[in-house]
Amino acid sequence: MSTRWIFTVAEMISFATEVRSQSKTLALVPTMGALHEGHLSLVRQAKIQCDVVVVSIFVNPAQFGPTEDFARYPRNPEKDFELLESAKVHAVLAPSVDEVFPAGFSTFVDPGQIATVWEGAQRPVHFRGVATVVLRLFNIVRPDVAFFGQKDFQQVVIIRRLVEDLNLPVRIVVCPIVREADGLARSSRNVYLSAEDRRAAALLSRSLKRAEGLAHSGEADVETLLAEMGKMFAAEPRLQIDYAAIVDSATLEPVTHALPGSVALVAARLGAVRLIDNLIFAPPGSSPEMKLQLALTAPQPDRESAAAPRPEIDSLRIKIENCRDCAAVTSISLPAREFLFKYLKRDYPNLDAIRVLVIGGCAPIGPTDSPYRNPEQPNLFLTRLYELLGVQSFAEFKLSFALTDAARCHAVGNRVDERTLEYCAKHLREELKLFPNVQSIVILGEYAYLQFQRHILGRERSSIKPFPELLKAEGWARESVRLPCYGERDLRVLYCYHPTFENKKSPPLGGYLSSKP
Ligand code: AMP
């Protein structure tokens, strides 16, 4: 198959009509040429998803302001054609300006308020030009699917809005940012960077990574994150920052907390070269695709029902939204904390067999040392827990025990505040219902104790014995309680020191636990 080079609108329309008559799916990848790996990643995705791929190359004058770099925008048609031929693209549409904007052309698309912020504020006609040319290309090619890069995040938001608002019969696919080895986002304009500017340019992605790292360690406050980024920029005088912001992925309005799905946007100038970059906040370990899903399935404020959310993302989002109060939202979806939803089904084929539920304050296990993932290598917490419960291994543990947490936010460590305990008790109440034959509950440490007393048993703070006093005599304590979810049945509750958060140790309770209640 050889790549077809198309210069006119008429020829493109007849090519596309021919493709449709064969009931083949058609992809469009709009570009301005001077192609690089970023563009090629879109092409590869298009080839995977569709039968026929058209790449358009058009440096669109309508999206450049009078003082911008339209004339000197990089152009390299021979190399582009070579790259697209080796990528086995079916057709390249490379029209002249007169073909796309013939004499008398006077209709433009106004994408509205969303096109007036960030890039739009810096480049007032930019998105009007982008939306107009994209709509025209869509109408000429009539693709089933069109591919865009996350690199131009605001553009993605605007195109998706265009498609939705004007009911365009095309599906938009967004592909992750392709970067250089040092993190710099690939861009056609990078070729104009001097060696020194090139080094300074890497600071953009480094600052985004820094913000991401801080968010992963529990710092969600946008002012703090931007201040950290600002410090990095200040150390590089070559870099003129146009804006750095953390925004809601749907409205592009600034947010106060960087939640999963929020987006950090940066734009800067290095001499005459303008660069943009962005990063989607997401739980640690999220793939680029997962990040995009998080950002792009955000319910639109006025279009809740129009969004087509994926259930798991949606539920994650709801959890995060609900958890705003608990401060440590960034890692709310850490797999270890999600054991109930993710691992329970796999590790516990029969929930009826569970006799003992263990509630850790905030069990010190992460994604790598979770016993549900890595049963052969218990960490210190688990080793001591097995000793306390009188089991030898995780295999033995899971025959009749299940482990959960009083607090779900991993960043809170062993200092858990009252609000967190109150909020997370909701989850605990739901979990209790999952184990209909539970006979005993083992409570580890003071925070789990306080949560259980206050928010599961509903006791007044003044009637709750201080934890150290309760455990003073024997190193553990027990009581018999009834919970509404278990009806008239008595449940024994054992209160112990936390295996790793406290200096004192409770005696082994295996014998007691295996005795009949
Ligand atoms: P452009 O030629 O700059 O207009 O880009 C054409 C398409 O390629 C747009 O959808 C861009 O978002 C996308 N693109 C540009 N650079 C990258 C990159 N580094 N990674 C992924 N996509 C990109």
Side-chain angles (χ1 to χ4, degrees), residues 27-47 49 53-64 68-70 72-77 79-81 83-84 87 89 92-95 100 118-119 123 126-127 129-138 141 143 145-163 170-193 198 201-202 204-205 208 263 265-267 273-280 287-289 291-292 295-296:
L28 174 65
V29 182
T31 81
M32 297 205 299
L35 302 180
H36 50 71
E37 260 307 304
H39 299 111
L40 296 178
S41 73
L42 269 52
V43 169
R44 278 193 286 274
Q45 199 44 238
K47 290 212 58 161
Q49 295 198 22
V53 175
V54 175
V55 174
S56 63
I57 295 178
F58 180 62
V59 185
N60 171 25
Q63 70 189 64
F64 289 80
E68 291 178 9
D69 58 348
F70 173 69
R72 59 186 289 275
Y73 190 84
R75 291 166 172 84
N76 201 343
K79 181 162 168 248
D80 288 350
F81 192 62
L83 287 171
L84 295 174
V89 158
V92 179
L93 171 64
V100 179
W118 314 123
E119 278 307 278
R123 310 182 64 189
H126 180 65
F127 289 119
V130 170
T132 304
V133 86
V134 167
L135 177 58
R136 184 143 159 77
L137 286 171
F138 283 175
V141 179
V145 192
F147 294 78
F148 292 85
Q150 179 200 328
K151 159 84 180 353
D152 299 88
F153 190 82
Q154 189 171 3
Q155 171 172 286
V156 163
V157 174
I158 287 168
I159 299 295
R160 280 162 48 96
R161 173 57 75 190
L162 170 82
V163 166
V170 57
R171 183 164 65 88
I172 302 299
V173 170
V174 185
C175 302
I177 303 177
V178 175
R179 299 179 178 281
E180 303 282 358
D182 64 356
L184 177 67
R186 294 269 183 137
S187 163
S188 304
R189 291 185 170 102
N190 290 355
V191 295
Y192 287 137
L193 292 171
R198 174 69 189 70
L204 288 183
S205 63
L208 292 169
V263 184
L265 303 172
V266 286
V273 184
R274 201 160 172 286
L275 300 175
I276 57 174
D277 201 348
N278 66 77
L279 176 132
I280 299 170
S287 66
E289 290 76 17
K291 290 179 177 185
L292 273 165
L296 299 177

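Ligands are counted one by one from 1 in listed order, and the atoms in each one are counted from 1 as well.
- Atom 12 (O) of ligand 1 has its closest protein heavy atom at Asp152 OD1, 2.6 Å.
- Residue Val178 has at least one N or O atom closer than 3.5 Å to an N or O atom of ligand 1.
- Residue Glu37 forms a side chain to side chain donor-acceptor pair (under 3.5 Å) with just one option from Arg44, Arg179, Arg186, and that option is Arg44.
- For ligand 1, the atoms closer than 4.0 angstrom to any heavy atom of Leu42 are 7 (C), 8 (O), 10 (O), 13 (C), 22 (N).
- Atoms of ligand 1 found under 4.0 Å from any heavy atom of Met32, numbered from 1 in the order shown, are 1 (P), 2 (O), 4 (O).
- Of all protein heavy atoms, the one closest to atom 10 (O) of ligand 1 is Gly149 N, 2.9 Å.
- With salt bridges taken as basic N to acidic carboxylate O contacts below 4.0 Å, one links Asp69 and Arg189.
- Electrostatic pairing of Arg198 and Asp182 counts as a salt bridge here, judged by a charged N lying under 4.0 Å from a carboxylate O.
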Is there a side chain to side chain contact (heavy atoms under 4.5 Å, CB included) between Ser56 and Leu28? Walk through the geometry before answering.
CA-CA 7 Å; Ser56 63; Leu28 174 65; 4.1 Å; yes
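- Remark: minimum distance from atom 1 (P) of ligand 1 to any protein heavy atom is reached at His39 NE2, 3.6 Å.
- Here Ser188 contributes atom OG and Tyr73 contributes atom OH; the two are 3.5 Å apart, rounded to the nearest 0.5 Å.
- If you number the atoms of ligand 1 from 1 as listed, the ones under 4.0 Å from a heavy atom of Phe148 come out as 10 (O).
- Contacts with ligand 1 closer than 4.0 Å are made by backbone heavy atoms (N, CA, C, O) of Pro30 only, the side chain lying farther away.
- Of all the heavy atoms of Tyr73, the ones lying under 4.0 Å from any atom of ligand 1 belong exclusively to the side chain.
- With a heavy-atom cut-off of 4.0 Å, Ser188 does not touch ligand 1 at all.
- The distance from atom CD1 of Ile177 to atom CD1 of Ile280, rounded to the nearest 0.5 Å, is 7.5 Å.
- Looking only at protein heavy atoms, the nearest one to atom 23 (C) of ligand 1 is Lys151 CB, 3.9 Å.
- Listed by number with element, the atoms of ligand 1 under 4.0 Å from a non-hydrogen atom of Arg186 are 16 (N), 17 (C), 18 (C), 19 (N).
- Here the side chain of His126 pairs no donor or acceptor atom with the backbone of Arg123 at under 3.5 angstrom.
- Under a 4.0 angstrom heavy-atom cut-off, Pro176 registers as being in contact with ligand 1.
- Contacts between His36 and ligand 1 below 4.0 angstrom, taking non-hydrogen atoms only, involve the side chain exclusively.
- Each of Leu137, Val100, Val134, Val133 was compared with Asn60 under the side-chain contact (heavy atoms from CB on, under 4.5 Å) criterion, and only Val133 meets it.
- Geometrically, Arg75 engages Phe70 in a cation-pi contact, judged by NZ or CZ lying under 6.0 Å from the ring centre and within 45° of the ring axis.
- For the pairing with Gln150, the side-chain contact (heavy atoms from CB on, under 4.5 Å) check across Leu279, Asn278, Leu296 returns one residue only, Asn278.
- Contacts with ligand 1 closer than 4.0 Å are made by no heavy atom of Leu35, backbone or side chain.
- Remark: Phe127 CZ to Gln63 CD distance equals 9.0 Å, nearest 0.5 Å.
- Below 3.5 Å of separation, one finds no N or O of Ile177 facing any N or O of ligand 1.
- Polar contact with ligand 1: absent for Ala185 (N/O pair, distance under 3.5 Å).
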